[in-house]
Q: 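Right, I'll just put the structure down here and ask away after.
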There are 2 protein chains.
Amino acid sequence: MADVAKLASVSLKTVSRVVNEEDNVSRVTAVAVQKAIQALGYRRNEHARALRQELGPRMLGLVTKDVSNPFYSAITRGIEDVVRDRSLMVVTGSSDEDGARERELLELLCERRVGGLLVVPTGSDHSFLASELAVGTPIVFIDRPPCNLAADTIFIDNVGGAQAGVAHLVAHGHRRVALVGDIPEVFTTSERVRGYRLALRAAGLGFDESLVRLGCHDSTAAEQATRELLALRPPPTAVFACNNRITYGALRALSGVPLRERPALVGFDDFELAALLSPPVTVVAYDPVELGRQAAQLICERLDGASGPPRQIVVFTELVVRGSGELPPPA
Amino acid sequence: MADVAKLASVSLKTVSRVVNEEDNVSRVTAVAVQKAIQALGYRRNEHARALRQELGPRMLGLVTKDVSNPFYSAITRGIEDVVRDRSLMVVTGSSDEDGARERELLELLCERRVGGLLVVPTGSDHSFLASELAVGTPIVFIDRPPCNLAADTIFIDNVGGAQAGVAHLVAHGHRRVALVGDIPEVFTTSERVRGYRLALRAAGLGFDESLVRLGCHDSTAAEQATRELLALRPPPTAVFACNNRITYGALRALSGVPLRERPALVGFDDFELAALLSPPVTVVAYDPVELGRQAAQLICERLDGASGPPRQIVVFTELVVRGSGELPPPA
DNA sequence: TTGAAAGCGCTACCAA
DNA sequence: TTGGTAGCGCTTTCAA
């Protein structure tokens with residue numbers, strides 16, 4: 001900036017005025033300064049600028065399990081949409097369901113002084129974020145609650161959604177309804193299992209441990225688990241899949257079974273091609289973009305100074321009936 | 001920091017040493033300083049720090065059409081994976097195929113002084129990025145070339161891939177092969193159309209304008225276009241879909257047609273459930289995660305000082321035969 | 001309309 | 001092992 005001032009034969013302050021488009025600069029001077037800026041390829045140093053005037057937040061951090069999972073990228077999009085007109089941008093990171101990695105990413109983001117944090121948490125302790133929260137950075141948890149920390153959280157109605165899905169299967173005559181899911185340490189899994197049990201109990205059905213296969217981290221494991229379920233004697237007549245990955249795996253396992261022997265299937269999470277499969281897949285659906293939007297809205301309110309105790313928001317689900325969930329049990 | 005120094009009764013410099021975990025600080029002093037830091041909730045000001053020592057880039061900007069599209073979120077993931085051990089994070093933005101929005105995002109990123117830019121471009125002029133490039137910020141274009149700017153670019157082998165896909169249909173006896181695609185202004189679309197034409201010519205088949213439906217922005221438009229093609233007399237016996245959205249639309253249109261009358265289908269871009277549909281979908285595949293990885297690698301090399309003229313890298317495709325592309329034409 | 005000087009919070013350099 | 005001082009590039013305040 002000093003160089004520009006020298007070249008344009010004006011003072012530092014005048015250059016500053018031009019750069020910041022302030023008033024009180026004559027046309028001629030302004031043009032001369034512009035020319036000098038061009039000539040030198042000058043660009044204002046944002047750090048020095050930030051040092052003087054306290055400018056608002058420029059970035060929001062977002063840590064999910066995996067950006068490339070459509071569920072999380074939809075959330076990302078929802079957040080982007082909301083913060084867009086505040087000129088905020090989103091920095092993303094994938095934890096791969098690894099608590100240490102999550103912490104690493106979160107600390108990297110804090111170090112970079114993001115204006116707010118959005119987290120689909122995975123770790124078993126988020127107390128390390130307390131100081132960030134204390135310093136005024138808003139933090140919103142998405143889809144799962146934080147551990148050892150009080151913060152805003154957005155949930156899906158996991159229990160209610162699973163309950164509705166399983167009740168739907170029961171209503172279609174199924175008495176042996178299996179469940180395939182991730183490890184029970186994952187909040188959404190345990191909640192959905194809870195919904196499953198509630199639905200069974202409400203129908204007066206017992207809980208059969210052998211019909212529950214947890215611990216499936218990916219669709220391959222889910223496929224395997226589903227095959228094992230099919231091999232049971234007697235096999236389940238219906239399967240409840242706890243999330244989209246699990247549903248994909250279950251679908252692969254089921255695709256080999258003749259239609260009239262095929263167990264009914266209801267999956268938690270909707271997915272793009274669900275209607276095109278045969279039979280089309282009945283799912284417990286909700287809009288992940290909306291989940292992101294709500295989270296962003298919440299963080300924006302905090303950014304605008306909303307104080308008060310941590311809030312919890314629940315996004316409700318909807319059963320989308322397409323066919324796979326209405327298959328009757330074999331006679 | 002001055003406050004901390006005062007509270008701990010040490011000099012500013014000593015506090016600085018503790019904060020930066022430098023040597024030459026006695027245990028006792030260090031502990032005292034730590035305590036003062038805790039007490040005051042002190043956090044180092046990154047801007048002031050950056051002002052003094054020239055610390056490397058901390059962020060990379062990524063602008064795509066839409067983060068929530070699995071294709072782009074896979075690219076995002078590939079980039080993340082590569083830059084992860086350099087402690088670089090990725091800031092994302094969605095242009096929605098809008099040139100003005102793209103420019104807005106890119107300028108926002110430049111203003112924020114990201115260490116590098118990755119762009120799946122949409123606009124028709126990227127000359128405004130020349131100054132950023134001149135100042136030393138590496139820029140890598142992904143999937144499509146920039147306009148009015150010379151920069152590193154990573155491509156898919158669009159022509160070769162489309163050619164292989166269409167040749168495959170022809171090899172299965174099809175003479176009336178339709179094409180459904182986005183607007184021809186999209187680089188990948190025009191290239192794929194080129195591959196389509198080359199394959200037809202190589203087979204000695206004429207180019208029939210009425211079998212080409214361009215301008216489909218989304219899967220709904222593609223569904224409609226496919227229906228129109230099916231209504232032709234005589235209808236095409238095979239369809240080549242230019243990208244994943246188009247394939248989804250075509251699938252919806254085709255799903256109502258009885259199997260023995262159904263045209264063969266080959267899609268460009270693989271997708272998760274392609275193998276589960278009936279018939280399973282034959283596609284021209286490549287790994288979008290790899291695309292992101294390569295782009296990140298390129299930008300990292302530039303970050304490490306690699307100079308030299310802009311580079312172009314081509315990622316090759318692979319025909320994945322699953323069934324839909326091998327349906328014979330009706331006798 | 002323009003400019004001089006102070007100082008934001010930190011680190012580099014040299015001295016003690 | 002410690003501390004003082006200069007100065008990074010900018011904006012702010014006040015004076016011309």
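Chain letters run A, B, ... following the sequence lines, proteins first, then strands; residues in each count from 1.
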Q: Using a heavy-atom cut-off of under 4.0 Å over every strand shown, decide if A:V10 touches base, sugar-phosphate, or nothing.
A: sugar-phosphate
Q: Let me know the distance between CG of B:L51 and P of C:dG7, rounded to the nearest Å.
A: 17 Å
Q: Heavy atoms only, 4.0 Å cut-off, all strands: where does B:N20 land among base, sugar-phosphate and nothing?
A: sugar-phosphate
Q: Under 4.0 Å, heavy atom to any atom of DNA chain D: which of residues 25-38 of chain B qualify?
A: B:V25, B:S26, B:T29
Q: B:D125 and B:S127: side-chain donor and acceptor closer than 3.5 Å?
A: yes
Q: Determine, step by step, whether A:V10 and A:T29 satisfy the side-chain contact (heavy atoms from CB on, under 4.5 Å) criterion, reporting the C-alpha distance in whole Å, the side-chain angles of both residues, the deciding distance to 0.1 Å, and the verdict.
A: CA-CA 8 Å; A:V10 295; A:T29 329; 3.7 Å; yes
Q: Answer yes or no on whether B:R103 is positioned over the face of B:F128, meaning its NZ or CZ is under 6.0 Å from the six-membered ring centre and within 45° of the axis.
A: yes
Q: Ring centres under 6.0 Å, that's the criterion: do A:F141 and A:F155 meet it?
A: no
Q: Just the rounded figure in Å: distance from P of C:dC8 to CZ of B:R43.
A: 21 Å
Q: Specify the separation, in whole Å, of atom NE2 of A:H47 and atom P of C:dG7.
A: 24 Å
Q: Is the distance from OP1 or OP2 of D:dT12 to the nearest side-chain N or O of A:Q53 less than 4.0 Å?
A: yes
Q: Strictly by modelled atom types, are A:N20 and A:R49 linked by a side-chain donor-acceptor pair under 3.5 Å?
A: yes
Q: Would you say a side-chain N or O of A:T14 is under 4.0 Å from OP1 or OP2 of C:dT2?
A: no
Q: Map B:R52 and B:N24 onto DNA chain D by nearest heavy atom, then report which one ends up closer to the 5' terminus.
A: B:N24
Q: Indicate yes or no: at least one non-hydrogen side-chain atom of B:R311 is less than 4.5 angstrom from one of B:T153.
A: no
Q: Just how far, in rounded Å, is P of C:dC8 from CD of B:E46?
A: 19 Å
Q: If you draw a 6.0 Å radius around CD in A:Q38, do more than 12 non-hydrogen atoms from other residues or ligands fall strictly inside?
A: no
Q: Do A:S11 and A:T14 get their side chains close enough for a donor-acceptor pair, meaning under 3.5 Å?
A: yes
Q: Give the rounded distance in Å between these two atoms: NZ of A:K6 and C1' of C:dT2.
A: 19 Å
Q: Between C1' on C:dA12 and CG on B:L55, what's the gap in Å once rounded to a whole number?
A: 15 Å
Q: So, applying side-chain contact (heavy atoms from CB on, under 4.5 Å) with B:Y72, which one of B:V120, B:V63, B:I142, B:T92 is it?
A: B:V120
Q: How would you label the contact of B:N45 with the nucleic acid (heavy atoms, under 4.0 Å): base, sugar-phosphate, or nothing?
A: sugar-phosphate
Q: Is the distance from OP1 or OP2 of C:dT11 to the nearest side-chain N or O of B:R49 less than 4.0 Å?
A: yes
Q: Answer yes if the side chains of A:R77 and B:N69 hold a donor-acceptor pair under 3.5 Å, and no otherwise.
A: no
Q: Sort me out a list of protein N/O and nucleotides 13-16 of chain C N/O pairs below 3.5 Å, or just none if empty.
A:
none

Q: If you assign A:S9 and B:L12 each to the DNA chain C nucleotide with the nearest heavy atom, which residue ends up on the more 5' nucleotide?
A: A:S9
Q: Rounded to the nearest angstrom, tell me the gap between atom CZ in B:R113 and atom C1' in D:dG9.
A: 11 Å
